[in-house]
Amino acid sequence: MSESNQEHLQATFDARVAAESRIEPRDWMPDDFRKSVLRQMSQHAHSEVIGMQPEGNWITRAPTLHRKTILMAKVQDEAGHGLYLYSAAETLGTSRDDMIAALHAGKAKYASIFNYPSLTWADIGAIGWLVDGAAIVNQVSLQRTSYGPYARAMVRICKEESFHQRQGYQIMMVLARGSEEQKAMAQDALNRWWWPSLMMFGPHDAESAHSAKSMQWKLKRESNDTLRQRFVDQTIPQAELIGLTVPDPDLKWNEERGAYDFGEIDWEEFMQVISGNGPCNKQRLDHHIAAKENGQWVRDAMAAYEEKRRARREAA
Amino acid sequence: MNDTSKFALALGDDALTMGQRLSEWISHGPFLEEDIALANVALDFMGRARMFLSYAGELEGEGRSEDDLAFLRDTREFTNLLMFELPIGDFGQTIARQYLVDAFEAPYFEALCNSKDETIAAIAAKVVKECRYHLRRSRDWVIRLGDGTEESHQRMQDGIYEMWPYVAELFEMPEYETRLAEQGIAVDRDVLRAGWEKEVMATLAEATLSAPQDGHAIRGGREGVHTEHLGFLLSDLQFMQRAYPGLEW
Amino acid sequence: MSNRELPLFEVFVRSKRGLDHRHVGSLHAEDHEQALEYARDVYLRRSEGVSIWVVKSEDVVASQEDDVETFYEPMEEKTYRHAMEYELPPEIKNM
């Protein structure tokens, strides 16, 4: 490719980003952009799919048939959302199998919050309310991301997820007005899920490795700290309304900023969990690998059957 | 409980145990698309369980809700057919059970749409559409797996063998159900046997699978005499209501 | 043990009668029939449609980035195809 052609392509790309147009799969794009968007989408897809586990773990034990049905539908939605995201990522020519192989090899990451265990029914409430709540803040922002298939997947996902957070909050609401045991269960779940939820937004803007470039490409539309603040501001009143206490002694309303000040995240813990040393990292990956391995004979059978059928068609 | 209430309870227990079993697949499916599809089938069964159990409680008239019936009865009080409570096994076993049940249920619920009990007929009308889709799916899988690789053929065949002793129960009726069939509320199950055999034999043949010749049957579900598996299913299902009795969730 | 991936299909959904089918995403399946069934489970969990098309992704022929100038720009110049090119007297409100 000639240099002037390269410049022309880069200029077209830059102009599209600047004009809030979308980059589509067959458009020329800088290699770094391609890598970055693929990394972000596959990480997001893996998070949805691994995220099925901590909640899936309570499906057989849900306390009422109605709650069970809701939880099944929600976890199924997560599989669907993972699928939409893999589908969006595949537009860049990387197969889902390759992305999953990278996950299993520990080369691709997923949201570290799913490396915490869900221990009680209240955790299902806390996950829906806080984890989905945090995810939605991020995803709403990503509906305007510059890569077309990613933005469209986000629109679809946001539409479907509106019920996820509500059902979680409703579980917490019922517990918080229930027996002493139930209240304690709800508070305990909030205590354990609060900080990991704040960690979901990633490192501070100044420390974030990929942020600046992603913002420039409009892949990422708002900074980690902006999104985290938004989540805190919208969640605190929700906690207060049902009489639960957010486990942060430094939390207070800042009149001047019109926002909550809150304490510092334990970044050491964050780094530990990200680098594979959370309580459930191994369990989550093992589960995913086992499902894939146990399904191998099924996928082989599909291919073999299709091959036989093709041969029969050709013979006929 | 009157006859119709017992009947609704039995159909509810069938759907509940099957829905519970299928839900165990979520996040364990052989690939993402199938994981989602299995969850849909599980949701269909769970929805059906809720409708039948609610109706059973309503007819009983002692104020028991769907949840009371699902979570506060012990093994001997459950009246589902044994096949529905069996563990999911591998994917071949899950598909074998599903197919043998779907091949029965599609014509069964079609017939039940004409029940003289309006509520039962209305539930059946909703359920039959799901059953037809389930059957299309499970039949397709039996053929793909049966006529796939050597391994898949063997696993599918094993699944069929595993399930076969539990088939007889599908066509048997306790006395109350016979009485209801005579009144046009239930459906004579035995009448469906010939059609079922035709459907299943054709599919097995296409799948290069064989039907077991052994007539050995294991029965007892409708009388509350279950496999040992049900107790464990219930200890999972009922954990919350047993550990924290009488609370709202 | 094969490492072959299930084929990729593009999915198009007609959300209600009277509307065009619209591309909604893709999925993996062994053949067209299975792709249709999975499309229902994957993309229509909330009854988002009344009709589905599935097309093998490899069968989609798409215009290329390089074609932009030759394909589309000549069309842009044919503004006489658009109604707003024709001014009407203000007395006529609609045409």
Side-chain angles (χ1 to χ4, degrees), chain A residues 45 48-53 55-69 71-73 75-80 82-83 86 96-97 100 120-121 125 171 174-175 177-179 181-182 185 287-288 290-292 294-309, chain B residues 16 19-40 42-43 46-47 49-50 53-54 65-67 69-71 90-92 95 141 143-153 155-156 207 233 235-241 243-244 246-249:
Chain A
E48 294 281 354
V49 170
I50 297 291
M52 294 168 74
Q53 292 180 35
E55 288 176 284
N57 146 32
W58 275 91
I59 287 175
T60 58
R61 293 176 292 167
T64 70
L65 295 184
H66 183 52
R67 291 278 179 221
K68 185 193 290 289
T69 313
L71 187 57
M72 284 161 72
V75 179
Q76 183 200 34
D77 269 353
E78 276 147 19
L83 195 146
Y86 284 127
R96 192 196 298 173
D97 276 1
I100 289 173
T120 69
W121 172 250
I171 289 174
V174 172
L175 294 176
R177 64 162 187 249
S179 71
E181 259 175 326
Q182 285 175 307
M185 196 189 273
H287 175 138
H288 199 262
K292 177 151 179 97
N294 293 337
Q296 186 65 47
W297 69 270
V298 177
R299 299 188 301 275
D300 287 345
M302 293 165 80
Y305 176 75
E306 189 56 26
E307 184 55 37
K308 285 184 195 174
R309 195 159 59 164
Chain B
L16 177 61
Q20 175 81 356
R21 282 304 187 200
L22 285 170
S23 79
E24 293 173 23
W25 272 105
I26 297 175
S27 86
H28 295 274
F31 51 101
L32 210 41
E33 283 82 354
E34 182 59 26
D35 206 298
I36 295 169
L38 275 169
N40 256 2
L43 279 166
M46 211 43 88
R50 297 181 60 195
L53 292 181
S54 294
S65 67
E66 59 180 47
D67 286 334
L69 290 170
F71 297 106
D90 67 0
F91 189 68
I95 291 298
W141 268 124
I143 295 168
R144 276 180 211 276
L145 298 177
D147 194 17
T149 61
E150 217 170 291
E151 181 182 3
S152 72
H153 176 87
R155 284 177 183 265
M156 197 60 239
L233 181 150
S235 64
D236 247 10
L237 176 78
Q238 301 180 337
F239 163 67
M240 289 294 292
Q241 294 283 355
Y244 303 94
L247 299 179
E248 255 186 70
W249 301 96

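Naming convention: chains lettered A, B, ... in sequence-line order (proteins, then strands); numbering from 1 in each chain.
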Less than 4.5 Å to any heavy atom of chain B: does that hold for the side chain of [X], its backbone, both, or neither?
X: A:Glu78; result: neither
X: A:Ala62; result: backbone
X: A:Leu65; result: both

Approximate separation, where rounding is to 0.5 Å, of [X] [atom1] and [Y] [atom2]:
X: B:Asp147; Y: A:Glu306; atom1: CG; atom2: CD; answer: 11.5 Å
X: A:Met72; Y: B:Gln20; atom1: CE; atom2: CD; answer: 8.5 Å
X: A:Arg96; Y: B:Leu32; atom1: CZ; atom2: CG; answer: 5.0 Å
X: A:Arg61; Y: B:Ser235; atom1: CZ; atom2: OG; answer: 10.5 Å
X: B:Ser27; Y: A:Glu55; atom1: OG; atom2: CD; answer: 11.0 Å
X: B:Phe31; Y: A:Ile100; atom1: CZ; atom2: CD1; answer: 12.0 Å

(message) Just to verify, which of B:Gln241, B:Met240, B:Glu248, B:Arg50 counts as forming a side-chain contact (heavy atoms from CB on, under 4.5 Å) with A:Thr64?
(response)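 Exactly one candidate clears the test, B:Gln241.
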(message) For the interface with chain B, which of A:Pro63, A:Ala290, A:Gly80, A:Gly125 has the highest count of heavy-atom pairs at distances below 4.5 Å?
(response)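 Heavy-atom pairs under 4.5 Å are most numerous for A:Pro63.
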(message) With chain B as the partner, which of A:Met185, A:Arg309, A:His288 has the greatest number of non-hydrogen pairs under 4.5 Å?
(response) A:Met185
Using a 4.5 Å cut-off on heavy atoms from C-beta on, say whether the side chain of [Y] contacts that of [X].
X: A:Val298; Y: B:Asp90; result: no
X: B:Leu237; Y: A:Lys68; result: yes
X: B:Glu24; Y: A:Ile59; result: no
X: A:Tyr305; Y: B:Ile143; result: yes
X: A:Trp58; Y: B:Phe239; result: yes

So, does [X] use its side chain to make a donor-acceptor pair with the main chain of [Y] at under 3.5 Å?
X: A:Gln76; Y: B:Ile36; answer: yes
X: A:Arg67; Y: B:Trp249; answer: yes
X: A:Asn294; Y: B:Pro30; answer: no

Please classify the contact between [X] and chain A as side chain, backbone, both or neither, with a heavy-atom cut-off of under 4.5 Å.
X: B:Asp236; answer: both
X: B:Arg155; answer: side chain
X: B:Ala70; answer: side chain
X: B:Phe91; answer: both
X: B:Gln238; answer: neither
X: B:Ile95; answer: neither

(message) Using every non-hydrogen atom in the two residues, find where A:Ala304 and B:Thr149 come nearest and quote the distance to one decimal.
(response)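 Heavy atoms of A:Ala304 and B:Thr149 come nearest at CB-CG2, 3.6 Å.
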(request) Identify, with sequence neighbours excluded, every residue that meets ring-ring contact (aromatic ring centres under 6.0 Å, His included) alongside B:His153. (result)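 Per chain and number, B:His153 pairs via ring-ring contact (aromatic ring centres under 6.0 Å, His included) with no residue.
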(message) Among residues at least two apart in sequence or on other chains, which ones pass ring-ring contact (aromatic ring centres under 6.0 Å, His included) with A:Trp297?
(response) none
